[in-house]
There are 2 protein chains.
Amino acid sequence: MATGRTHRPATRSRGIPEATVARLPLYLRALTALSERSVPTVSSEELAAAAGVNSAKLRKDFSYLGSYGTRGVGYDVEYLVYQISRELGLTQDWPVVIVGIGNLGAALANYGGFASRGFRVAALIDADPAMAGKPVAGMPVQHTDELEKIIEENGVSIGVIATPAGAAQQVSERLIAAGVTSILNFAPTVLSVPEGVDVRKVDLSIELQILAFHEQRKAGEEAAAAAAAGGSAAGTGTGAAPAAAVVPPAGRATAVARKGGPDGDVPAVMPA
Amino acid sequence: MATGRTHRPATRSRGIPEATVARLPLYLRALTALSERSVPTVSSEELAAAAGVNSAKLRKDFSYLGSYGTRGVGYDVEYLVYQISRELGLTQDWPVVIVGIGNLGAALANYGGFASRGFRVAALIDADPAMAGKPVAGMPVQHTDELEKIIEENGVSIGVIATPAGAAQQVSERLIAAGVTSILNFAPTVLSVPEGVDVRKVDLSIELQILAFHEQRKAGEEAAAAAAAGGSAAGTGTGAAPAAAVVPPAGRATAVARKGGPDGDVPAVMPA
DNA sequence: GGTTGTGAACATATTCACAGCA
DNA sequence: TGCTGTGAATATGTTCACAACC
């Protein structure tokens with residue numbers, strides 16, 4: 001999960017745990033699907049399966065919102081949809097701006113999941129004058145010069161940054177100065193923001209690196225298992241990364257010396 | 001944090017905590033930047049600031065890898081880069097395939113951060129025959145029919161799914177059947193996969209919903225603060241969501257009844 | 001003096017297991 | 001009987017604070 005929050009450390013207001021908040025959208029999606037199929041009620045077991053969590057966790061999560069279920073029966077789908085939407089603030093209309101209209105920004109602009117959840121794309125903004133006026137997702141791209149005006153006129157409090165890494169900090173400062181207090185950052189940089197501003201980070205490269213870590217483990221475990229099965233059962237208990245010796249068990253990922261050269265880690269997405 | 005792991009519950013092999021693994025890429029990025037500026041050593045305090053975490057956490061994280069620092073001095077940048085890369089498995093070459101070449105898939109294909117970290121895009125795959133052969137990021141898109149062949153020939157173990165939600169489960173099954181054991185899923189669906197397969201999920205809409213939750217809190221807190229300052233200081237301790245009464249303090253996010261209509265939550269990204 | 005590495009204290013999150021209610 | 005709601009137990013994660021060392 002490409003995730004990371006800045007600020008908002010100890011002061012959790014009405015005491016809904018952060019981990020629970022992060023799962024509410026998941027439940028909401030599963031419930032919306034049930035609602036479309038006109039399913040009237042659902043048990044914690046069924047809903048948990050649909051959301052990909054276990055049922056005890058789901059019940060605990062819901063218990064923080066209140067007692068919205070019926071013992072022996074389950075939860076009323078429509079009612080829960082409403083309660084979770086309200087808790088998440090999705091009964092309001094949230095105008096957002098997307099800054100940086102490269103491939104990624106365009107993908108975000110076209111993403112249907114935004115509009116359906118109370119988020120309205122108020123403007124697409126890019127620094128490239130050649131982009132200005134071009135329609136993306138049925139909406140003209142506007143130039144960065146207009147940023148402050150757009151934010152103030154639309155009362156935007158949520159900004160999405162999809163610019164290259166080099167531009168992100170400056171963009172965030174302009175967004176914040178104009179009134180934005182929540183930022184979703186796709187640029188691979190740590191943004192430094194004042195107290196009171198929330199930043200969430202989505203980092204594609206980090207997610208892959210975490211997968212690679214587990215892949216490597218799997219390869220090692222396979223090798224260990226093969227070794228334990230094939231040879232004497234010695235040393236199974238050490239838990240240390242098994243030597244890369246033995247035959248490559250499933251042979252994936254060829255070892256290669258890491259080229260230590262420059263890198264920069266900037267997404268080649270687009271100028272913004 | 002767009003994050004979510006499936007499988008791999010209790011069995012954490014050599015005992016590097018999951019939370020630590022998730023931060024290693026962050027440290028690595030900060031270290032790479034230092035390395036490019038030819039900075040020889042760095043203290044936990046400095047590195048922590050660059051990575052956006054606190055220094056105690058960073059030291060604890062590093063302590064799981066081993067004792068790579070020097071008391072009174074700090075950490076050798078190059079050495080740490082190597083150690084973390086190795087731990088994450090980035091000294092290997094990981095071929096990946098991207099399935100679903102819409103805006104998002106194209107953005108991923110163009111993303112420079114992949115190549116620079118040992119990830120190599122082995123193929124771009126799309127279900128639309130009209131896409132076949134078209135170059136994206138300097139590489140021809142291949143048709144889904146080729147999926148199994150591509151994966152086997154290249155020894156691909158990591159797949160990226162950037163298709164619409166409806167196609168994702170089926171794509172994941174084909175990937176897994178062909179030998180993929182780690183999936184990065186951008187489609188807004190819960191994938192069900194067999195034991196032993198890792199799935200990480202990046203969900204744009206979920207991240208925004210989490211931000212909206214905190215935004216709503218902020219508005220409430222401002223209202224409460226205003227009320228406490230203006231009127232009598234009654235009821236500050238309740239912590240309950242303050243009534244939406246009083247004047248809108250910073251006035252953002254107009255209240256609007258949620259239209260309960262169908263939704264589907266499918267990204268309009270592209271057919272794949 | 002300065003900084004790491006880490007046990008101990010604390011905080012958060014998950015899971016268990018069952019009482020309580022429809 | 002069946003399922004929720006929740007205390008208690010456990011597991012994981014973070015922070016403190018300081019001894020060990022350069």
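Letters A, B, ... mirror the listed sequences (proteins, then strands); counts begin at 1.
For A:Asp61 and C:dT12, the CG to P distance is 16 Å, given to the nearest whole Å. Atom pair B:Leu58:CG and C:dT4:P shows a separation of 8 Å (rounding to whole Å applied). Atom CG of A:Leu65 and atom P of D:dG5 are 10 Å apart (whole Å). Here D:dT6 presents its C1' atom at 15 Å from CZ of A:Phe62, a figure rounded to the nearest Å. In this structure, CD of B:Glu46 is placed 13 Å from P of C:dG2, rounded to the nearest angstrom. Computed from coordinates, the A:Tyr64 OH to D:dT6 P distance equals 10 Å when rounded to whole Å. In this structure, the OH atom of B:Tyr68 is 12 Å from the P atom of C:dT6, given to the nearest Å. Taking atom CG of A:Leu47 as the reference point, atom C1' of D:dC3 lies 14 Å away to the nearest angstrom.
The 12-atom threshold is not exceeded at CD of B:Gln170, counting heavy atoms of other residues, nucleotides or ligands nearer than 6.0 Å. By the 6.0 Å contact criterion, CD on A:Gln169 is enclosed, its count of non-hydrogen atoms from other residues, nucleotides or ligands being greater than 12.
Taking 4.0 Å as the cut-off between side-chain N and carboxylate O, A:Arg217 and B:Glu87 count as a salt-bridged pair.
Proximity of A:Leu108 to B:Leu204: side-chain heavy atoms (C-beta onward) are separated by under 4.5 Å at one or more points.
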*Scan nucleotides 15-22 of chain D nucleotide by nucleotide, 5' to 3', and note B when protein non-hydrogen atoms come under 4.0 Å of the base, S if they reach only the sugar-phosphate, - if neither.*
B-B-BBBB
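If you check every strand for non-hydrogen atoms under 4.0 Å, A:Tyr75 touches sugar and phosphate atoms only.
Between A:Ser43 and D:dC3 there is no side-chain polar atom (N or O) within less than 4.0 angstrom of OP1 or OP2.
Taking CD1 of B:Ile176 as the reference point, atom CD of B:Glu173 lies at 7.5 Å (rounded to 0.5 Å).
Considering B:Thr181, B:Asp198, B:Ile158 in turn, B:Asp198 is the only one that fulfils the side chain to side chain contact (heavy atoms under 4.5 Å, CB included) rule with A:His214.
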